[in-house]
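Convention: sequence-line order gives letters A, B, ...; per-chain numbering from 1.
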Amino acid sequence: MIDVGILREQPELLAASLERRGESLDVAELIELDEKRRAVRIEAEEMRARQRDIGKSIASLTGDDKTTAIEEAGRLSARYKERLAEADALDAQFMERWVTIPNLADETAADGFDEEDNVEITRWGTPPAFDFEVRDHVDLGTALGVIDVERATKISGSRFGMLKGKLALLEMAMVRWAMDGLADYGFTPVLPPILVREQALFGTGFFPADRDQVYSVKEDDLYLVGTSEVPLAAMHGDEIFDAADLPLRYAGFSTCFRVEAGTYGKDTRGLFRVHQFDKVEMFSFVHPDRSRDEHDLLLAREEELVRALELPYRVVNVAAGDLGASAAKKYDIEAWFPGQERYREITSTSNTTDYQSRRLKIRFKDEDGKNRLVHTVNGTAITGRALICVVENHQQADGTIVIPEALRPYTGFDVID
RNA sequence: GGAGAGGUGGCCGAGUGGCCGAAGGCGCUCGCCUGCUAAGCGAGUAGGGGGUUACAAGCUCCCUCGAGGGUUCAAAUCCCUCCCUCUCCGCCA
């Protein structure tokens with residue numbers, strides 16, 4: 001959610017941002033609605049003030065004076081309730097629309113509306129040149145007995161996979177490796193709840209926009225998170241930090257669940273896009289002046305990890321029109337997938353500025369003792385997708401997989417064979 | 001799942017219909033005092049939304065005592081629903 005002050009004082013800024021995002025919205029109409037709801041609220045509050053004023057005198061009055069005062073207060077009370085209900089209805093009407101407005105796009109976010117418009121800003125490594133027939137992770141893993149999509153489908157349906165043997169161990173090694181590295185950088189490791197309340201998803205901006213991507217658990221009115229960003233952000237809801245507490249950095253690990261609605265027929269092979277995967281996520285709460293730097297910092301952490309895995313990649317500045325609702329700016333790392341012969345997203349880091357903190361009420365006391373909203377920044381460290389990228393890039397002629405040097409202390413083996 | 005207790009300001013903790021957004025204590029901030037990293041004295045110290053204004057300060061109005069409803073001229077105080085925490089029992093990785 002963005003600042004309502006933007007609507008009142010810089011509506012042209014809002015309109016410009018919406019246009020860059022490819023969203024059409026009648027800003028003038030919103031302004032009118034905002035003015036109306038405030039006018040009605042002022043009216044209501046004036047009535048209430050008078051009613052309370054009279055109410056206070058009642059205790060000390062007697063006889064007719066008292067009767068008259070009670071009657072007058074009663075009238076005002078009734079009218080106040082009507083007006084208040086009106087004001088509340090207008091507020092609800094306004095907020096219903098306001099919460100759907102995406103964050104203001106950062107001026108340095110790339111122009112454009114879809115993936116095609118993403119701007120490459122870095123490229124590292126070169127796609128491996130294999131002198132044998134390249135196989136994708138499904139063929140490799142199945143042959144080695146470490147990936148079993150068929151049986152996963154048997155028990156759960158499409159878009160599920162199963163890791164076994166050394167590949168299962170490799171994933172756990174990667175998770176621990178990433179966690180250790182981030183802990184060294186001052187990120188606090190967290191294993192958060194991954195069943196959360198609606199409020200947590202609303203507060204992080206996934207609701208209402210992406211409701212159809214989220215699994216729900218009817219029994220308890222809870223939802224399965226698609227990323228630990230949700231609990232990591234929401235855990236500090238309604239809190240006020242000291243300026244000295246910032247930046248506050250977490251590395252969360254969780255299994256993630258995504259409906260993948262609207263992706264029928266897309267990336268259907270193997271473990272590339274599945275309903276369930278594991279992820280280590282970085283999440284920072286920072287001073288508003290520092291969020292750009294923090295965004296760069298998280299990107300740097302991501303690049304370090306991907307390089308250590310010896311995966312060729314490029315970094316793209318995601319087009320404004322392709323940003324999620326909460327992001328002002330986003331960088332994706334796209335790594336080379338030999339099985340697909342192209343670069344595909346394996347990490348994503350977003351500066352969500354105050355979009356989430358405003359909804360979640362996460363603030364800090366600044367130098368002047370005033371409460372201000374923090375900025376939040378998130379970024380992927382490691383996911384199951386990085387795992388299959390490793391498998392494909394480090395395949396050998398004999399179908400075995402060589403473990404990247406950096407992970408060997410964690411796996412205890414050098415090769416999956 | 002069953003039984004009980006409870007949710008008040010940064011923390012502890014009073015407060016069963018009006019003068020309570022809230023005693024007192026602790027903590028914190030500022031000032032004073034004090035020759036010794038202490039004690040004492042005074043003042044201040046919740047959040048949110050409006051109005052005024054320079055998106056300042058100040059002033060002012062409304063809301064908030066777990067959340068949401070209700071009763072009443074008036075609710076932290078009475079009623080209802082929900083949420084959460086704690087203790088005990090049951091079940092369980």
Requested in this report: Residues of residues 50-58 of chain A with any non-hydrogen atom less than 4.0 angstrom from an atom of RNA chain B: list those, numerically ordered, please.
Outcome: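 Nucleic-acid contacts, sorted: A:Q51, A:R52, A:G55, A:I58.
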Query raised in the report: What parts of residues 94-108 of chain A reach RNA chain B, counting only heavy atoms under 4.0 Å away?
Result: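 Heavy-atom cutoff 4.0 Å gives no residues at all.
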Identify, with sequence neighbours excluded, every residue that meets side-chain hydrogen bond (donor to acceptor under 3.5 Å, both in side chains) alongside [X].
{"X": "A:D111", "value": "A:R20"}
{"X": "A:R307", "value": "A:E303, A:Y313"}
{"X": "A:Q199", "value": "none"}

Considering Watson-Crick and G-U wobble pairs with both distances under 3.5 Å, what does [N] pair with?
{"N": "B:C59", "answer": "B:G51"}
{"N": "B:C33", "answer": "none"}
{"N": "B:C88", "answer": "B:G2"}
{"N": "B:G68", "answer": "B:C80"}
{"N": "B:G44", "answer": "B:C28"}
{"N": "B:A75", "answer": "none"}

Taking [M] as the reference, what is the distance to [N] when you measure between their [atom1] atoms (whole Å, please)?
{"N": "B:G68", "M": "B:U64", "atom1": "P", "answer": "9 Å"}
{"N": "B:G50", "M": "B:C55", "atom1": "P", "answer": "14 Å"}
{"N": "B:G48", "M": "B:G42", "atom1": "P", "answer": "31 Å"}
{"N": "B:U29", "M": "B:U81", "atom1": "P", "answer": "46 Å"}
{"N": "B:G17", "M": "B:C26", "atom1": "C1'", "answer": "31 Å"}
{"N": "B:C65", "M": "B:G7", "atom1": "C1'", "answer": "10 Å"}
{"N": "B:G10", "M": "B:C89", "atom1": "C1'", "answer": "37 Å"}
{"N": "B:G6", "M": "B:G13", "atom1": "P", "answer": "14 Å"}

Query raised in the report: Which nucleotide of RNA chain B is the first, and which the last, in the 5' to 3' direction, to come under 4.0 Å of a heavy atom belonging to chain A?
Result: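 Listed 5' to 3', the contact boundaries are B:G18 to B:C84.
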Report task. With sequence neighbours excluded, tell me which residues meet salt bridge (charged side-chain N to carboxylate O under 4.0 Å, His left out) with A:R363. Result ->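 Listed in chain order: nothing, the list is empty.
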Query raised in the report: With sequence neighbours excluded, what pairs up with A:D296 under the salt bridge (charged side-chain N to carboxylate O under 4.0 Å, His left out) test?
Result: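 None.
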Query raised in the report: Taking the six-membered ring for Trp, is the centroid-to-centroid distance between A:H275 and A:F160 below 6.0 Å?
Result: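 Judged by ring-centre distance (under 6.0 Å), A:H275 and A:F160 do meet the cut-off.
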By the 4.0 Å heavy-atom rule, please label [X] as base, sugar-phosphate, or nothing.
{"X": "A:R41", "result": "nothing"}
{"X": "A:D238", "result": "nothing"}
{"X": "A:R197", "result": "sugar-phosphate"}
{"X": "A:G74", "result": "sugar-phosphate"}
{"X": "A:R75", "result": "nothing"}

Query - Contacts of type ring-ring contact (aromatic ring centres under 6.0 Å, His included), residue A:H287, not counting sequence neighbours - result: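 With neighbours one apart ignored, the set is A:F364.
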**Report entry** With sequence neighbours excluded, residues passing ring-ring contact (aromatic ring centres under 6.0 Å, His included) with A:Y331
**Finding:**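 Partners of A:Y331 by the ring-ring contact (aromatic ring centres under 6.0 Å, His included) criterion, ordered by chain and then number, come out as A:H295.
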**Report entry** Along RNA chain B (nearest heavy atom to each residue), the more 5'-positioned of A:I42 and A:K66
**Finding:**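 Result of the comparison: A:K66.
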**Report entry** Upstream residue (5' side of RNA chain B) when A:A73 and A:A49 are each assigned their closest nucleotide
**Finding:**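 By nearest-heavy-atom nucleotide position, the 5'-most residue is A:A49.
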Query raised in the report: By side-chain contact (heavy atoms from CB on, under 4.5 Å), which residues pair with A:L191, not counting sequence neighbours?
Result: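 Only A:F253 meet the side-chain contact (heavy atoms from CB on, under 4.5 Å) criterion with A:L191.
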**Report entry** Contacts of type side-chain contact (heavy atoms from CB on, under 4.5 Å), residue A:L169, not counting sequence neighbours
**Finding:**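 For A:L169 the side-chain contact (heavy atoms from CB on, under 4.5 Å) partners, ignoring immediate neighbours, are A:F413.
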Taking only Lys NZ, Arg NE, NH1 and NH2, and the carboxylate oxygens of Asp or Glu, determine whether [X] and [Y] approach each other closer than 4.0 Å.
{"X": "A:R41", "Y": "A:E46", "value": "no"}
{"X": "A:D322", "Y": "A:K330", "value": "no"}
{"X": "A:E281", "Y": "A:K279", "value": "yes"}

